[in-house]
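One structure is given here, and the rest of the page talks about it.
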Amino acid sequence: MQQVEKKQRENWGSRFGFIMAAAGSAVGLGNIWRFPYLTGMNGGGAFIVIYLGCILFVGLSIMLAEFTVGRKTGLATVGAYKSQNRNWTFAGALGVLSGFFIMGFYPVVGGWSLAYVFKSVTGLLAAPEAIGDTFVAFIGAPVEPLVWMVIYLAVNIFIVAKGVAGGIEAAGKVLMPTLFVLLIFIIFRSVSLPGASAGLNFLFKPDWSVVTGQTFLAALGQAFFSLSLGMGCMITYGSYLNKKENLPSNALTVVSMDTAVALMAGLAIFPALFAFGLEPTQGPGLVFVVVPQIFAHMGGGIGMLFSVIFFVALTVAALTSSVSLLEVVVAYLIDEKGVARRTATYVASAVMCVMCILSSLSMGVMSGFTVLGVGFFDFFDILTDKIFLAIGGMLLAIFAGWFMDKEELKAEVTNNGEVSFGLFEAWYAMIKYVIPVLIAIVAYSGITAIEQKSLMIFGLLVIVVSAIFSKKL
Ligand code: PHE
């Protein structure tokens with residue numbers, strides 16, 4: 001069966017198509033919504049330096065490892081592990097579970113972004129001082145954000161149920177460069193505001209006194225989240241990759257694009273934030289409060305137009321990511337469980353929709369209701385980003401380093417010797433020894449708050465249970 005699948009595996013139409021799909025999955029809310037607010041909450045420059053270290057020393061190697069395992073096996077995440085070693089099926093299952101949980105809050109934020117496309121033209125920009133309060137009132141409302149979330153999720157369902165991800169990728173090809181150009185424009189506006197230099201200092205003058213074990217874990221988790229790693233997404237994408245493609249250079253391209261967008265988002269937001277006298281530590285509202293203010297200060301129709309384009313581009317960037325998340329879950333149900341594509345999509349997203357409702361309400365009416373000490377939104381967020389993705393990445397590194405044949409890996413990475421990859425030994429040592437130890441240390445020293453400890457224990461329990469049941473998967 002797997003042999004047959006392997007032969008029939010489709011390939012990406014072109015190198016550009018693959019890069020855009022993988023970068024489309026990577027570049028999303030993680031870069032533009034999450035990265036700036038985490039930077040703000042974790043002290044600015046020091047966080048960025050640590051984040052870049054995580055990208056360079058962990059993210060890049062894991063990206064290459066995921067591409068390699070995917071292309072070598074020609075299978076999506078669960079199948080990829082299972083085909084090599086049945087005892088490792090659980091690691092693939094954990095990835096599917098991560099995708100599921102991320103989809104328990106991602107569409108909520110996608111819905112916010114979609115809502116802001118419309119809010120941009122219905123008076124949001126008219127009163128710049130009120131933009132912060134409007135955001136807090138909006139996300140805490142009982143009905144409105146749910147409506148936007150459902151619309152956003154419905155678009156995902158439509159795309160994945162029809163198997164027409166090609167359409168969204170085509171939109172991404174236009175809108176991702178648009179986002180890029182728009183970010184450059186916003187950066188220029190932002191840094192030219194009076195008082196912007198405080199923001200640049202915040203970004204470029206690291207204050208090491210604020211760094212703790214938690215900063216490292218936040219940076220590592222963000223690296224995994226932003227690069228779509230640690231859950232098999234890039235294994236799945238790699239499985240469609242042509243045997244002639246140069247894996248190391250593809251990994252480098254995707255990682256560089258993702259990192260560039262995150263840094264640009266930081267540069268766009270912080271100078272303006274300081275110029276407007278806002279708090280960098282305010283959390284998830286950052287992009288929704290600062291960017292509209294920049295446009296509001298431009299005034300008139302032009303500010304409005306730019307705001308609409310920005311949020312359309314952000315929504316599409318989010319869609320190319322969430323579609324890949326939903327696809328991981330759906331592909332598992334199709335490939336391993338024999339469920340029809342439509343059924344798989346509807347069933348998976350019905351559950352995701354319930355999780356998203358809980359997440360959204362936890363910002364308002366249900367804010368007093370907690371699971372293991374945190375609201376639903378934070379529960380899904382912390383569980384995936386601080387626990388599951390890092391452990392997923394660690395498992396992949398251990399798997400590739402200790403349970404796959406080194407020579408076979410080398411043959412795959414170098415296309416049987418056709419591609420020269422001088423760093424092979426260094427990369428291999430990274431995934432085999434350094435990364436597993438590094439992740440363990442960071443996780444251990446970063447999980448300090450009591451809620452995080454209980455979440456960690458909960459997460460580990462889930463992993464053990466899935467390991468026990470994985471023989472049935
Ligand atoms: N990388 C995406 C983002 O930054 C989120 C994502 C995580 C997508 C994991 C797929 C897998 O928005």
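Positions are given from 1, in the same order as the sequence printed here. Start at 1 and go down the list; that is how both ligands and their atoms are numbered. All values reported here derive from a predicted model rather than from experimental measurement.
For S120, the side chain to side chain donor-acceptor pair (under 3.5 Å) criterion is met by S307, not counting sequence neighbours. Remark: T281 pairs with E279 by the side-chain contact (heavy atoms from CB on, under 4.5 Å) rule, at least two apart or across chains.
A side-chain donor-acceptor contact under 3.5 Å links S190 to the backbone of A268.
Judged by the 6.0 Å distance and 45° axis criteria, K119 is positioned over the aromatic ring of F138.
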Let me check something: any side-chain donor-acceptor pairs from residues 395-403 under 3.5 Å, sequence neighbours excluded? List them with distances.
residue	atom	partner	partner atom	Å
W402	NE1	K432	O	2.9

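Taking a 6.0 Å sphere around CZ of F185, one finds it holds more than 12 heavy atoms contributed by other residues, nucleotides or ligands.
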Measure and list all N/O to N/O distances between ligand 1 and the protein that fall under 3.5 angstrom.
residue	atom	partner	partner atom	Å
ligand 1	1 (N)	S25	O	3.2
ligand 1	1 (N)	A26	O	3.0
ligand 1	1 (N)	F225	O	2.8
ligand 1	1 (N)	S226	O	3.0
ligand 1	1 (N)	S228	OG	3.0
ligand 1	4 (O)	A26	O	2.9
ligand 1	4 (O)	G30	N	3.2
ligand 1	4 (O)	N31	OD1	3.4
ligand 1	12 (O)	L29	N	3.1
ligand 1	12 (O)	G30	N	2.9
ligand 1	12 (O)	Y106	OH	2.5

